[in-house]
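Predicted model, so just to flag it, every value in this text is computed and none were measured. Chain letters run A, B, ... following the sequence lines, proteins first and then strands; every chain starts at 1.
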Amino acid sequence: MDVRAYIREALKEMGVEPPFVELEVPKHEKHGDISTPVAMTLARTLRRPPREIAQDIKKHLDSVDAFDSVEIAGPGFINIRFRKQFIIDTLKALLKDPEGFLRKDLSSGQKIQVEFVSANPTGPLHLGHGRGAAFGAALSNLLERAGYQVEREFYINDAGRQVDLLGESIFARYKELLNTEYPFPEDGYRGDYIKELARELLDTEGDKYKDKDYADCADSFKTFGIQRMLKQIKEDLEAFSVVFDRWQSEKALYDEGLVKRCLDELKQKDKLYEKDGALWFRASEYGDDKDRVVIKSDGSPTYFASDIAYHWYKLQRGFDELINVWGADHHGYIPRIKAVIRAMDQPDDKLRVILVQMVNLLRDGKPVQMSKRAGEFITLKEVMEEVGADTTKFIFLTRRPDSHLDFDIEVAKRESSENPVYYVQYAYARINSIFRKARERGISFEGPAFVDRLTQEEELSIVKKLMFYPLMFEGAVREREPHRVTFYLQELARLFHSYYNRHRVVSDDKELSQARLSLCSAVMRVINEGLSILGVTAPERM
RNA sequence: GCCCCCUUAGCUCAGUAGGAUAGAGCACAGGAUUCCUAAUCCUGGUGUCAGAGGUUCGAAUCCUCUAGGGGGCACCA
């Protein structure tokens with residue numbers, strides 16, 4: 001479907017080439033199949049009444065074969081109705097080359113890095129991480145299908161104080177198991193998983209650390225803790241079907257000298273200065289509220305130091321866009337990272353930070369108390385086991401990332417028979433079932449056939465919905481909003497279920513059956529494509 | 001105190017780049033299956049788009065202020 005091209009052509013002949021021609025699917029059927037407000041948008045620049053401009057555009061569009069009618073309505077909308085043959089032809093095109101139809105290259109060859117989850121390896125993933133994971137993965141999939149070269153990266157905060165605390169917390173539990181006195185660190189990690197780690201270490205390495213001070217064996221405990229936690233995080237993400245291309249260790253940034261090199265470079269460019277024995281970054285010169293300490297007066301780096309180096313390193317790797325998916329509680333951090341980008345002489349919109357709002361976990365409408373400090377929280381793993389990965393993801397992806405989310409475990413489970421994810425998956429399974437039935441009846445499907453036999457209103461409505469997939473796709477890619485896919489799939493599934501209940505696909509009329517199987521095949525392709533963007537499985541049976 | 005996000009139907013949320021009479025799902029009530037899966041479908045109605053100003057042909061959408069909810073403001077991570 002390239003309605004936009006027709007309109008552009010018409011405008012070009014009128015001597016106008018606007019940067020964007022807006023198309024919308026009208027809410028009311030009487031407003032046609034597709035509509036554009038472009039005449040109104042142009043009214044100001046052209047200094048002409050919108051309806052007059054619309055008239056001119058209409059003149060050019062009247063001769064387009066694909067259109068049945070072109071009408072001007074209201075203040076200057078141009079409402080277009082498709083000719084039936086055009087609808088059918090589009091269906092054929094979709095079936096002939098689904099990928100070409102569904103995956104338009106919008107990338108200009110750009111490389112994008114999406115960094116997401118990036119949880120501290122000091123505890124298991126919680127539900128908030130799950131939301132970030134579902135979103136980041138879906139966004140990456142979406143961008144990939146738009147032709148972008150996408151790298152999915154997980155940043156591992158395996159340096160600094162939190163890691164120390166992890167090591168010491170395990171150490172304290174280890175001593176506890178051996179009935180040796182050791183004060184539990186203040187701000188230490190109190191979750192039960194720490195006890196399990198201590199138990200595991202005792203089982204594998206025995207009591208050789210029994211009489212040692214923490215300082216003497218800190219590295220052993222830290223390394224062990226990080227490795228185990230990271231392993232668990234990776235397993236959880238795998239179970240959630242979220243994959244990464246790259247895992248960047250913070251510690252490695254130090255070990256490989258990247259932090260030092262980066263800071264040297266900034267020093268040379270006079271972006272850093274010394275004051276009160278500390279080293280500061282001139283963040284305030286690049287849009288931040290105040291300057292920020294990079295190296296503390298005791299000589300140790302702040303978290304910000306490695307973050308600067310990390311983004312410096314990302315830029316060096318030649319990405320055209322960096323997307324950071326962060327928890328909303330990190331929003332205060334945006335200005336200083338943007339300042340880093342600017343200080344490195346890059347446009348700050350090269351970095352796009354997408355904030356994912358916190359998830360409130362409920363059980364039967366009552367909040368589940370969560371305290372990381374006390375070690376009481378429900379993990380992503382537990383929710384996945386109770387609710388299921390597909391449902392969990394789908395719930396996350398039916399909301400904009402910046403909306404607060406109440407995740408009620410009981411509701412997610414209880415409603416399982418009416419859950420939106422099943423609604424969409426069921427449509428897919430149903431179509432598979434239809435194909436099985438067709439094979440039984442000896443009706444094979446090898447490609448579009450007799451599609452001109454599709455004359456039912458419901459059939460044409462479905463094809464029109466399919467025709468609008470690219471429009472939805474473009475918008476989702478442009479705005480980096482995978483949740484649009486989720487909503488689209490529900491609408492498509494609704495149309496299909498409704499059709500299914502009204503018309504039989506497989507019948508004695510072989511040609512009509514072939515035609516309807518063609519339609520089903522197209523719907524199946526699109527649902528499959530959409531679900532794969534969301535990272536949700538498409539089951540052939542349910 | 002300063003900054004960011006959110007506020008749309010009873011509930012959970014969409015609302016596409018400022019466009020037409022603001023939409024879904026859930027919940028509630030009634031109905032549909034001799035036939036491809038009833039995890040489905042069909043029929044029912046609901047709005048001070050938090051409030052007040054402004055910008056304009058046109059605002060849920062952009063700007064200002066106010067109220068409520070969440071979050072953030074370290075030589076913490």
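Positionally, the nearest nucleotide of RNA chain B for A/D402 lies more toward the 5' end than for the other of A/D402 and A/K27. Where A/P26 and A/E491 each meet RNA chain B at their nearest nucleotide, the meeting point lying more 5' is that of A/E491.
A/Y422 has no side-chain polar atom (N or O) that falls below the 4.0 Å cut-off from OP1 or OP2 of B/A39. Here A/S403 reaches the OP1 or OP2 of B/A14: one of its side-chain N or O atoms lies under 4.0 Å away. Residue A/R430 has a polar side-chain atom (N or O) positioned under 4.0 Å from OP1 or OP2 of B/A38.
Closest contact between the side chain of A/R494 and the listed nucleotides B/A24, B/A20, B/C13 involves B/A24. Closest to the side chain of A/Y423, from the set B/C41, B/C36, B/A14, is B/C41. Across B/G15, B/C36, B/A39, the shortest atom-to-atom separation from the side chain of A/K437 is found for B/C36.
Residue-level contact check: A/T41 touches the bases, meaning some heavy atom is under 4.0 Å from a base atom. Counting any heavy atom pair closer than 4.0 Å across all strands shown, A/V294 reaches no nucleic acid atom. Within the 4.0 angstrom heavy-atom criterion, no nucleotide atom of any strand lies near A/S300. Looking at heavy-atom distances under 4.0 Å, A/A73 makes contact with a base. Among the atoms of the strands shown, base atoms are found under 4.0 Å from some heavy atom of A/A429. Among the heavy atoms of the strands lying under 4.0 Å from A/E479 are primed sugar atoms or P, OP1, OP2 only; no base atom is included. When heavy atoms are screened at a 4.0 angstrom cut-off, A/R541 is found touching base atoms of the nucleic acid. Nucleic acid contact class of A/F487 (heavy atoms, under 4.0 Å, all strands): sugar-phosphate only.
Two residues are said to be in side-chain contact when any heavy atoms from C-beta on lie closer than 4.5 Å; A/D349 and A/I341 fail this criterion. When side chains are defined from C-beta on, A/H404 does not count as touching A/V359, because their heavy atoms never get closer than 4.5 Å. Residues A/R282 and A/R292 form no side-chain contact, since every pair of their non-hydrogen atoms from C-beta on lies 4.5 Å or further apart.
The nearest whole Å value for the distance from the CH2 atom in A/W326 to the C1' atom in B/C4 is 13 Å. B/A22 atom C1' lies 13 Å from atom CD of A/E24, rounded to whole Å. Distance A/F394 CZ to B/G25 P: 14 Å, rounded to the nearest Å. In this structure, A/D288 places its CG atom 13 Å from P of B/C4, rounding to the nearest Å. When rounded to the nearest whole Å, the span between CZ of A/R400 and C1' of B/C4 equals 15 Å. Rounded to whole Å, the distance from CE on A/M542 to C1' on B/U40 is 11 Å. Remark: P of B/G15 and CD of A/Q490 are 12 Å apart, rounded to the nearest angstrom. A/E22 places its CD atom 10 Å from the P atom of B/A20, with the value rounded to the nearest Å.
Between A/H483 and A/F487, the two ring planes are perpendicular [angle over 60°; tilted spans 30° to 60°]. Aromatic ring orientation, A/Y286 versus A/F281: parallel (interplanar angle below 30°, classes split at 30° and 60°). Using a 30° and 60° split on the angle between ring planes, A/F445 and A/F435 fall in the perpendicular class, above 60°.
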#### Entry: Intra- and interstrand pairs of RNA chain B - dot-bracket, Watson-Crick/G-U under 3.5 Å, | marks other strand
(((((((..((((.....[...)))).(((((.......))))).....(((((..]....))))))))))))....
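Distance check on atom P: B/U64 versus B/C28 gives 44 Å, rounded to whole Å. Comparing the C1' positions of B/U16 and B/A22 gives an interatomic distance of 14 Å, to the nearest angstrom. Comparing B/C26 with B/G69, their P atoms sit 32 Å apart, to the nearest whole Å. B/U7 and B/A14: their C1' atoms are spaced 15 Å apart (whole Å). When the C1' atom is used for both B/U33 and B/A50, the distance is 46 Å, rounded to whole Å. With both ends at atom P, the span from B/C65 to B/C3 equals 9 Å, rounded to whole Å. Only the C1' atoms considered, B/G70 is 25 Å distant from B/G47, to the nearest whole Å. B/G25 and B/U8: their C1' atoms are spaced 15 Å apart (whole Å).
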### Message
Before you tell me yes or no, could you show the steps for A/Y313 and A/Q248 under side chain to side chain donor-acceptor pair (under 3.5 Å), namely the whole-Å CA-CA distance, both residues' side-chain angles and the distance that decides it to 0.1 Å?
### Response
CA-CA 11 Å; A/Y313 183 41; A/Q248 174 63 51; 4.7 Å; no
### Message
side chain to side chain donor-acceptor pair (under 3.5 Å), that's the test. Do A/Y499 and A/R516 meet it? Break it down for me.
### Response
CA-CA 11 Å; A/Y499 171 65; A/R516 290 182 170 174; 3.3 Å; yes
### Message
Go through it in stages, so that I can follow the logic: the residues are A/Y422 and A/D390, the test is side chain to side chain donor-acceptor pair (under 3.5 Å), and I'd like the CA-CA distance, side-chain angles, deciding distance and then a yes or no.
### Response
CA-CA 9 Å; A/Y422 297 113; A/D390 281 341; over 6 Å; no
### Query
Would A/H311 and A/N324 count as a side chain to side chain donor-acceptor pair (under 3.5 Å) if you check the C-alpha gap in whole Å, the side-chain angles of each, and the deciding distance to 0.1 Å?
CA-CA 10 Å; A/H311 286 84; A/N324 290 2; 2.9 Å; yes
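The two atoms that bring A/F496 and A/I434 nearest to each other are CZ-CD1, 4.0 Å, heavy atoms only. A/L351 and A/K338 make their closest contact through O-NZ, 2.8 Å (heavy atoms, listed as atom of the first residue, atom of the second, distance).
Summarising the local packing, NZ of A/K58 is surrounded by more than 12 heavy atoms from other residues, nucleotides or ligands at distances under 6.0 Å. When the shell of 6.0 Å around CG of A/D508 is examined, it contains 12 or fewer heavy atoms from other residues, nucleotides or ligands.
Non-hydrogen atoms lying under 4.0 Å from RNA chain B are contributed by A/H497, A/S498, A/Y500, A/N501, A/R502, A/H503, A/R504, all within residues 496-504 of chain A.
Figure legend: cation-pi geometry between A/R145 and A/F473 absent, as NZ or CZ is not positioned both under 6.0 Å from the six-membered ring centre and within 45° of its axis.
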## Note on the structure
Reading nucleotides 67-77 of chain B from 5' to 3' and marking B where a protein heavy atom lies under 4.0 Å of the base, S where only the sugar-phosphate is that close, and - otherwise, the string is --BSBS-SBSB
